[in-house]
Amino acid sequence: MLKIPPHQVAGHQAGNGKLGPLVDESGRFYKPLQGDERGSNEVKFYESFSSNTKIPEHISKFFPIFYGTQLVEASDGSGLKSHLILHDLVLGRVNPSIVDIKIGSRTWAPESTEEYMQKCLKKDRETSSLPLGFRLSGIQIYGNKESGYWKPERTSIQNLSAEEVKLMLKKFVSSNASTDLDLEPDCAFAATVYGGSTGILSQLLELKAWFEDQTMYHFYSCSILMIFDKEHASEGRNPGAIIKLIDFAHVIEGRGVIDHNFLGGLCSLIKFISEVLTAPNEHTTEVSSKPDHQNFILSDNGAN
Ligand SMILES: O=P(O)(O)O[C@@H]1[C@@H](OP(=O)(O)O)[C@H](OP(=O)(O)O)[C@H](O)[C@H](OP(=O)(O)O)[C@H]1OP(=O)(O)O
Ligand SMILES: Nc1ncnc2c1ncn2[C@@H]1O[C@H](COP(=O)(O)OP(=O)(O)O)[C@@H](O)[C@H]1O
């Protein structure tokens, strides 16, 4: 029995007659192929990547396992449609905190149509993609049994300033992240989620080392998902922090050239995570006069 993924944070979503991904109980994630070249391009990437013997295991582990494609009843009621079958990255997680970070200051591939390029360029300029090299695309932060998840509206997190992004990355690993804007995030789980030999920073650095060399693919508009279990962290257990790359509809061949666009965004993200880790208590101030979906956050030297 297929159902709507309970923990999707970005992208096209199923429900209300819309086309979006589905999951089954055995841990498979079914992503419908978009009818145009985006669908076929993503299949092409997964087929190439999963059979590419030059990809070391310590890098392929950062990508969802690909099980091929299958005709499945689409979520929008349009009948059988081809879907990518992927490993469900949140399988076995009870209350995962998840952030989807779209990497690269530019989200359109060179062969894109003028219309698509203009659409992306506008979004890249209006969000943090251009100034920071990445944008937060969607996020859910688990609080506790009473409060459940904090899932700010997606448009409210895509155009954050550097200080605001840092604050959000702090909230992501805090025990007191919530809509309560007076609370300074305590970064209680920064060391166990971002830090350590198996933490997120270490994984990002491993990925970066590969991107410094690889010239096989250029990953436009691709996201890094960061996932962990806060309940485990607060019980002193391993939070299971992982990074995974997703969304390969706009990947093209690298033709012997370094993917500077992805690498630049990745380096910028690494700097942010490192700073949260090394200075978790550096003070930030939020402005709370706006409705929740419009909240914005200023640094100490901002006008507050
Ligand atoms: O359709 P929309 O307005 O949700 O836009 C999609 C974007 O959602 P967002 O604007 O961030 O809410 C979406 O962005 P996210 O991946 O959700 O950040 C993509 O840019 C998507 O394009 P494509 O399928 O990758 O070519 C975009 O899809 P297309 O409009 O290109 O189909
Ligand atoms: N393999 C997966 N397992 C679990 N969740 C996933 C997986 N792939 C994507 N997601 C979820 O779906 C969202 C959208 O995925 P994405 O591939 O970017 O779709 P789109 O092309 O519609 O933007 C992600 O933000 C994430 O929450």
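When a residue number appears, it is its place in the shown sequence, counting from 1. Every number for a ligand or one of its atoms is a count from 1 in the order of the listing.
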Item to complete: Return the option from Pro6, Ala10, Ala249, Pro32 holding the heavy atom at the smallest distance from atom 13 (C) of ligand 2.
Response: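 Closest candidate by heavy-atom distance is Ala10.
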Should [X] and [Y] count as an ion pair when the cut-off is N to O under 4.0 Å?
X      : Y      : value
Lys208 : Glu212 : yes
Arg237 : Asp229 : no
Glu42  : Arg38  : no

Worksheet item: Going through the distances and angles, do Thr113 and Gln118 end up as a side-chain contact (heavy atoms from CB on, under 4.5 Å)?
Response: CA-CA 9 Å; Thr113 62; Gln118 290 299 342; over 6 Å; no
Worksheet item: Of all residues at least two apart in sequence or in a different chain, which pass the side chain to side chain donor-acceptor pair (under 3.5 Å) check with Glu126?
Response: Lys122
[X] heavy atoms, cut-off 4.0 Å: which ligand 2 atoms fall inside?
X     : answer
Lys31 : 16 (P), 17 (O), 19 (O), 20 (P), 21 (O)
His87 : 1 (N), 2 (C), 3 (N)
Leu89 : 1 (N), 2 (C), 3 (N), 4 (C)
Asp88 : 3 (N), 4 (C)
Gln8  : 11 (C), 12 (O), 13 (C), 14 (C), 27 (O)

Practice prompt. Step by step, work out the side-chain contact (heavy atoms from CB on, under 4.5 Å) result for Phe262 and Leu245.
Written response: CA-CA 12 Å; Phe262 189 97; Leu245 273 78; 3.9 Å; yes
Worksheet item: Under 6.0 Å between the ring centres of Phe63 and Phe248?
Response: yes
Discussion item. Please identify which of these residues, Thr127, Asn261, Asp124, meets the side-chain hydrogen bond (donor to acceptor under 3.5 Å, both in side chains) condition with Thr107.
Written reply: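 Answer to the side-chain hydrogen bond (donor to acceptor under 3.5 Å, both in side chains) test with Thr107 among Thr127, Asn261, Asp124: Asp124.
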N or O contact, [X] vs ligand 2, cut-off under 3.5 Å:
X     : answer
Gly11 : no
His12 : yes
Val9  : yes

Worksheet, complete the sentence: Note: Ile246, heavy atoms under 4.0 Å from ligand 2, region reported as side chain
Worksheet item: Just heavy atoms, cut-off under 4.0 Å: does Asp100 contact ligand 2 by side chain, backbone, both, or neither?
Response: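 Only the side chain of Asp100 comes within reach of ligand 2.
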